[in-house]
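Before any comments, here is the structure.
Below, chain A is the first sequence line, B the second, and so on; all start at residue 1.
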2 protein chains.
Amino acid sequence: MKTPPPSAETDAPSARLVRGDVFAIPCPSREILTHVSSRWGVLILVSLLDGTHRFSELRRRMGGVSEKMLAQSLKALVEDGFVRRVSYPVVPPFVEYSLTPMGHEVARHVAALKDWIETNLDRVLDNRRQHEEAVAG
Amino acid sequence: MKTPPPSAETDAPSARLVRGDVFAIPCPSREILTHVSSRWGVLILVSLLDGTHRFSELRRRMGGVSEKMLAQSLKALVEDGFVRRVSYPVVPPFVEYSLTPMGHEVARHVAALKDWIETNLDRVLDNRRQHEEAVAG
DNA sequence: TTCCTTACTTACTTTTTTGTGTGTACTTCC
DNA sequence: GGAAGTACACACAAAAAAGTAAGTAAGGAA
């Protein structure tokens with residue numbers, strides 16, 4: 001009777017391939033999700049889909065980011081391995097950001113979501129108006 | 001020389017089909033993005049992909065949501081037209097939530113992102129460890 | 001000589017988000 | 001008779017996120 005375990009959590013200790021579970025409170029996948037789906041995380045990933053960019057380029061492109069937030073968001077994505085940071089020791093500073101292969105994978109999903117929202121904006125806005133009327137009337 | 005305008009913003013006034021732009025500060029697409037990509041927004045959409053659920057069912061399934069946050073997140077998704085709310089006037093209250101066709105479309109994208117993260121958790125975690133070492137050493 | 005540039009960091013303040021506890025209506029179970 | 005269960009709303013407190021201002025290094029421009 002060797003029924004395989006339903007989840008991989010009970011697998012062999014060494015080469016375990018654990019799957020995340022966003023529904024579980026302590027799962028680190030939640031943190032990663034917030035990094036990539038945060039307001040600036042999304043814009044960074046999407047921006048880098050068309051190649052490498054400097055800090056200031058990203059800043060100019062993304063309306064409304066403060067330097068602090070951009071730096072913070074980039075740092076999180078670099079730590080997670082989605083973005084590669086290359087800095088040249090010159091003055092003034094010169095730093096390039098680009099997607100890692102892994103970053104490219106997530107970025108595609110994120111971009112798909114972002115594109116859906118952008119192209120279907122009208123539909124959503126119409127729904128909102130209808131909803132308002134329905135509530136008011 | 002009637003080159004078509006690059007963006008739809010300059011189109012005819014009535015039947016305009018405007019595309020959102022998440023990079024623009026005042027664009028409402030940003031708000032919508034935060035709704036669907038918020039911590040609980042994601043879990044709600046994904047949960048509802050397998051059918052309709054009651055408030056308390058969602059609450060039990062999603063680890064760590066407070067009633068307040070669940071209600072708030074659901075309300076936003078209902079207003080945007082992603083989720084349909086049906087309540088029966090009985091005591092104790094009975095309310096059902098399900099995806100609208102539009103909600104189903106976004107939910108698929110959101111679920112794809114969530115699945116990528118869950119299956120690639122190990123890769124990300126490995127990257128983090130490497131990064132830590134690189135910084136420390 | 002002072003300013004401007006870049007890619008940040010740090011300290012401090014303000015804003016936003018989230019949590020907590022309470023109440024509600026009625027029925028059912030103990 | 002009291003507790004539990006449901007789907008919230010509301011007020012207030014606590015926590016987290018974000019904004020702001022200032023500082024840094026080296027060189028060139030005004």
| remark: Nearest-nucleotide check on DNA chain D, Lys68(B) vs Ser56(B); residue mapping nearer the 5' end is Ser56(B)

| said: Under 4.0 Å, counting only non-hydrogen atoms across every strand here, what does Arg54(A) touch: a base, just sugar-phosphate, or nothing? | reply: sugar-phosphate

| task | Please report, rounded to the nearest Å, how far the P atom of dA17(D) is from the CD atom of Gln72(A). | result | 9 Å

| Arg85(A) side chain near dA7(C) phosphate (N/O to OP1/OP2, under 4.0 Å) | no

| said: Expressed as a whole number of angstroms, how long is the span from Phe94(B):CZ to dT27(C):C1'? | reply: 15 Å

| task | Would you please confirm or rule out a distance under 4.0 Å between OP1 or OP2 of dT9(C) and any side-chain N or O of Lys75(A)? | result | yes

| query | Ala71(B) side chain: which of dT20(D), dC8(D), dC26(C) is closest? | reply | dC8(D)

| Quick one: is dA17(D) close enough that its OP1 or OP2 comes under 4.0 Å of any side-chain N or O from Arg39(A)? | no

| Among dT18(C), dT6(C), dC8(D), which nucleotide sits nearest the side chain of Arg60(A)? | dT6(C)

| Please give, in whole Å, the distance from dA7(D) P to Leu58(B) CG? | 9 Å

| request: Taking the side chain as every heavy atom from C-beta outward, state whether Trp116(A) and Met102(B) have any pair of such atoms under 4.5 Å apart. | output: yes

| field | Whichever of Pro93(A) and Pro93(B) has its nearest DNA chain C nucleotide further upstream toward 5' | value | Pro93(A)

| Pairwise 5' ranking along DNA chain D for Met69(A) and Glu67(B), keeping only the more 5' one | Glu67(B)

| said: From CZ of Phe55(A) over to P of dT5(C), roughly how many Å is that when rounded to an integer? | reply: 15 Å

| task | May I ask you to test the Val86(B)-Thr52(B) pair for a side-chain heavy-atom distance under 4.5 Å? | result | no

| Expressed in angstrom and rounded to an integer, what is the separation of Met62(A) atom CE from dG19(D) atom P? | 11 Å

| remark: Leu74(B) atom CG is separated from dA7(D) atom P, nearest whole Å, by 11 Å

| task | Compare all side-chain heavy atoms of His35(A) with those of Glu79(A) and state whether any distance is below 4.5 angstrom. | result | no

| request: Please determine if a side-chain N or O atom of Ser66(B) lies less than 4.0 Å away from the OP1 or OP2 oxygen of dG19(C). | output: yes

| said: If you count every heavy atom of other residues, nucleotides or ligands that lies below 6.0 Å from Arg128(A) atom CZ, does the total exceed 12? | reply: yes

| query | What integer distance in Å separates Ile25(A):CD1 from dT18(C):P? | reply | 15 Å

| task | In whole angstrom, give the distance that lies between atom CG of Leu70(B) and atom P of dA9(D). | result | 11 Å

| query | Counting any heavy atom closer than 4.0 Å, what does Tyr88(B) reach on the DNA or RNA strands: base, sugar-phosphate only, or nothing? | reply | nothing

| task | State, yes or no, whether a side-chain contact exists between Val36(B) and Ile117(A) at a heavy-atom distance under 4.5 Å. | result | yes

